[in-house]
Amino acid sequence: MFSYKERFKYFLKERNLKYTPERKEIIEAIVKLQKHFDAEDIYQQLRRQESNVSLATVYRTIPLLVDSELIIETLHCRDKVLYERIYNKKHHDHLVCINCGRIIEFYNEEVEKLQDEICRKYQFLATEHRLGIKGYCKGCQDKLNIKINSAKEKK
Ligand SMILES: [Zn+2]
Ligand SMILES: [Zn+2]
């Protein structure tokens with residue numbers, strides 16, 4: 001098992017790209033970030049590490065990190081594009097609150113199985129899937145006084 005740094009170094013070498021000091025600092029920042037983060041969060045972490053890498057360099061480096069399968073674009077929420085580390089991580093899906101930005105992660109065997117069945121039905125070879133449900137978390141529903149008209153009530 002490689003570390004994020006080793007994996008990134010290896011990926012760049014394979015592509016004949018240099019493991020520059022900027023790229024090294026960016027990958028060092030990424031492993032320190034919270035679960036879900038955007039380009040601005042990477043930039044803020046770099047500032048904390050007293051790195052001078054620019055936000056433009058962060059934006060230019062993100063596609064490399066995605067290609068190297070170290071991070072994935074998880075979801076778009078409130079004008080933000082969020083990423084998360086996926087190397088050596090277990091697959092999961094997300095519920096996103098569009099009011100406060102809270103992200104709930106979940107893994108459901110039946111949902112996974114159902115997706116496999118759908119692919120089989122269409123003879124589709126899946127390489128990845130991302131399930132994101134947007135809405136309001138419990139706290140925001142209470143705050144905004146939103147009532148859920150769930151199917152349960154209709155029964
Ligand atoms: Zn919320
Ligand atoms: Zn996640």
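In each ligand, atom 1 is the first atom listed, and ligand 1 is the first ligand listed.
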Could you measure the distance from the CG atom of Leu46 to the CD atom of Glu28? Nearest 0.5 Å is fine.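 Leu46 CG to Glu28 CD: 9.5 Å, rounded to 0.5 Å.
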By side-chain contact (heavy atoms from CB on, under 4.5 Å), which residues pair with Phe2, not counting sequence neighbours?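 Scan of Phe2 (side-chain contact (heavy atoms from CB on, under 4.5 Å), adjacent residues dropped) gives Glu6, Arg7, Tyr87.
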Does the side chain of Gln44 come under 3.5 Å of the side chain of Arg47 through a donor N or O and an acceptor N or O?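 Arg47 and Gln44 do not have a side-chain donor-acceptor pair below 3.5 Å.
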Ignoring hydrogens and angles, state whether a donor on the side chain of His91 or Glu128 is under 3.5 Å from an acceptor on the partner side chain.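 No, no side-chain donor-acceptor pair sits under 3.5 Å.
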Do we get Lys90 above Tyr107's six-membered ring, with its NZ or CZ under 6.0 Å from the centre and within 45° of the axis?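 Checked: cation-pi criterion met.
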Sequence neighbours excluded and cut-off under 3.5 Å, please list the side-chain donor-acceptor pairs for residues 67-74, or say none.
unit_1 : atom_1 : unit_2 : atom_2 : d
Ser68  : OG     : Leu64  : O      : 3.1
Ser68  : OG     : Leu65  : O      : 2.9
Glu73  : OE2    : His76  : NE2    : 2.7
Thr74  : OG1    : Glu84  : OE2    : 2.9

Kindly determine whether Asp116 and Arg120 satisfy salt bridge (Lys or Arg N to Asp or Glu O under 4.0 Å), including the steps that lead there. CA-CA 6 Å; Asp116 290 344; Arg120 229 173 293 136; 5.1 Å; no
Give a yes or no on whether Leu131 and Ile86 share a hydrophobic cluster (residues Ile, Leu, Val, Met, Phe, Trp, Tyr; joining criterion: side-chain heavy atoms under 4.5 Å apart).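 They do not share one cluster, since no chain of ILVMFWY contacts under 4.5 Å joins Leu131 to Ile86.
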Going by chain and residue number, what protein N/O/S atoms come nearer than 2.8 Å to the Zn ion (ligand 1)?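 Cys97 SG, Cys100 SG, Cys137 SG, Cys140 SG, with waters left out.
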Within less than 2.8 Å of the Zn ion (ligand 2): protein N, O or S atom count: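 There are 6 of them.
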Would you call the rings of Phe8 and Phe11 parallel, tilted or perpendicular, where under 30° means parallel and over 60° means perpendicular?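 Parallel: the ring planes of Phe8 and Phe11 meet at under 30°.
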